[in-house]
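Everything below concerns the one structure shown next.
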Amino acid sequence: MHIVFAASECTPWAKTGGLADVVGALPHALAKLGHKVEVFLPYYRQVAKQVPGAPVVLQSVTIPFEYYNRFVRILDGGKTEGVQYYFIDSPEMFDRESFYATPSGDYADNAERFGLFSRAVIEATKVLGVPDIFHVHDWQAAMISVYLRSTYYFDPVFRKVPTVLSIHNAGYQGWFPPQTMQKLLLPWDMFTLDKLEQFDNVNFLKGGIVYADAITTVSRTYAEEIKTAEFGSGLEDTLQKRSADLTGILNGVDYEEWDPSNDPLIAAHYSPEDLSGKKECRRDLLHAFGFHGVSEDTAVIGIVSRFATQKGFDFIAQVADELVKENVAIVALGTGEAYYEHLLTGLAERYPEKMRVRVAYNNMLAHKIEAGADLFLMPSRYEPCGLNQIYSLKYGTIPVVRATGGLQDTIDEQADGGGNGFKFWGYSAWAMLDAIKRALALFQDKEKWTAMMQRGMVQDFSWDGPAKEYVKVYERAIMNRS
Ligand code: ADP
Ligand code: GLC
């Protein structure tokens with residue numbers, strides 16, 4: 001099968017969160033199954049820095065807008081492990097400081113930027129090879145599903161080509177003013193509540209949900225949650241209508257990148273059979289955060305996260321005064337919304353002996369936290385899948401999570417210290433504190449703690465299984481369209 005991926009992030013070039021990890025890894029798992037996979041990504045400034053002078057495959061592709069045309073180049077990003085990468089080069093759109101936003105807000109022309117990206121992918125495949133299926137990710141690529149069934153409706157080469165939309169986060173939808181329809185040359189009759197319109201705006205993700213042949217999201221629980229008002233962010237009705245075509249497939253992990261037995265970014269290697277290296281990683285981590293004299297029975301709690309409302313940091317702020325009374329050292333790495341940056345750095349200033357925060361995006365430090373912490377905290381309000389808790393399992397770092405989405409599906413707490421972690425159900429900081437206290441109690445019982453670490457470390461969350469599930473979704477979509 002010939003599969004084209006279109007996404008706004010992909011490791012190792014462009015990453016703000018887990019989307020990049022998925023788009024970086026799933027294509028390789030599909031290629032391993034014998035499929036031909038191509039991945040399209042915008043040629044952001046950050047990508048250009050890493051792959052300067054990427055060879056030009058198509059010199060000039062025309063993308064029409066309301067009053068003018070834009071012209072993009074398609075660049076060859078090379079082939080790794082059987083996956084071909086292409087970059088969409090439009091300097092006026094993508095040669096910018098960030099991918100989506102600056103600290104003062106989203107780029108005002110994001111609709112044009114990702115509308116252009118979506119059309120450029122379609123146009124490029126007409127020359128480079130029309131695939132059997134388009135697999136598009138999140139709102140930034142969702143318009144491929146819309147364009148193929150509107151502007152490209154009469155193009156015979158796409159008639160039988162289905163699209164699969166993966167929703168990595170229903171909280172980000174791509175909302176734009178109504179004139180966007182005209183700017184992107186979309187037919188006005190699609191600006192209705194059963195299609196692209198949402199509260200008088202154009203909603204890219206909604207368009208994708210309406211027009212994709214199949215929809216997936218990144219865990220079973222989240223696939224159910226987004227059909228409810230609490231988690232659907234206004235799209236619950238649209239998702240309910242597509243319920244028969246909506247599947248939850250849990251993300252996998254790229255163990256070539258996230259495995260303590262061969263991770264080049266951590267201080268020492270270790271495995272379930274020989275955990276001794278983890279002590280060295282813990283020392284190294286505490287040193288990196290400037291902690292001194294932390295005793296062995298102090299639990300190191302790690303956090304690596306985008307700083308966003310989704311991630312539940314208010315819970316930490318609410319019970320911080322209680323939490324710091326416990327025998328803990330907290331290390332947090334993250335970047336994002338200024339409000340949460342200040343909230344967490346404020347706590348670290350108040351309790352310097354207990355908490356340190358690094359406001360940065362730093363992959364090496366993320367690996368060091370996975371390896372060096374004893375516990376990993378993810379109190380998310382909602383979490384479509386969540387990858388860090390799954391990485392934590394592999395690193396013998398016990399997750400403490402809120403039971404939602406993929407956190408619910410991957411972490412299992414048993415009354416007797418069985419299972420692979422700790423979780424809380426309520427929407428409450430005190431429930432979180434309780435779960436942390438249960439974890440801290442078990443931490444003092446080294447035998448049971450080690451057994452829990454080892455149970456998590458041997459669990460297999462590789463991409464092989466999920467890749468096969470995606471193939472089934474592709475096959476069904478192709479069958480339904482033929
Ligand atoms: P989300 O996609 O919602 O941000 P995930 O848990 O799925 O959450 O994935 C987050 C990914 O981003 C992980 O690979 C994590 O290590 C990485 N990450 C998040 N914040 C940072 C940061 N500040 N520095 C380095 N890596 C980060
Ligand atoms: C999103 C979600 C996260 C998920 C990731 C990859 O960013 O917030 O839960 O793991 O996408 O699918």
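Using a 30° and 60° split on the angle between ring planes, F117 and F114 fall in the perpendicular class, above 60°. Y395 and H367 have perpendicular rings, their planes meeting at more than 60° on a 0 to 90° scale where under 30° would count as parallel. By the 30° and 60° cut-offs, the orientation of the rings of F134 relative to F158 is tilted. In this pair, W13 and Y85 present their aromatic rings perpendicular. The plane angle is above 60°, beyond the 30 to 60° band. Y68 and F65 have parallel rings, their planes meeting at less than 30° on a 0 to 90° scale where 60° marks the start of perpendicular. Classification of the F424-F315 ring pair by plane angle, with boundaries at 30° and 60°, yields perpendicular.
Within the 3.5 Å criterion, the main-chain N or O of D254 finds no donor-acceptor partner in the side chain of E256. Under the 3.5 Å distance criterion, the side-chain polar atoms of R73 are left unmatched by any main-chain donor or acceptor of V61. With hydrogens and angles ignored, the 3.5 Å screen pairs no side-chain donor or acceptor of E383 with any backbone N or O of G405.
Under a 4.0 Å N-O distance rule, the pair K183/E112 qualifies as a salt bridge. Under a 4.0 Å N-O distance rule, the pair D412/K423 does not qualify as a salt bridge. Salt bridge annotation for K206-E197: absent, with no cationic side-chain nitrogen under 4.0 angstrom from a carboxylate oxygen. With salt bridges taken as basic N to acidic carboxylate O contacts below 4.0 Å, one links K32 and D464. Comment: R481 engages D213 in a salt bridge, judged by a side-chain N to carboxylate O separation of less than 4.0 angstrom.
Ring centroids of H2 and H35 are separated by 6.0 Å or more, keeping the two rings apart.
The OG1 atom of T247 sits 8.0 Å away from the CG atom of D245 when rounded to the nearest 0.5 Å.
The shortest distance between side-chain heavy atoms of Q310 and N169 falls below 4.5 Å.
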May I have the step-by-step check of salt bridge (charged side-chain N to carboxylate O under 4.0 Å, His left out) for R96 and D109, ending in yes or no?
CA-CA 12 Å; R96 298 189 186 178; D109 56 353; 2.6 Å; yes
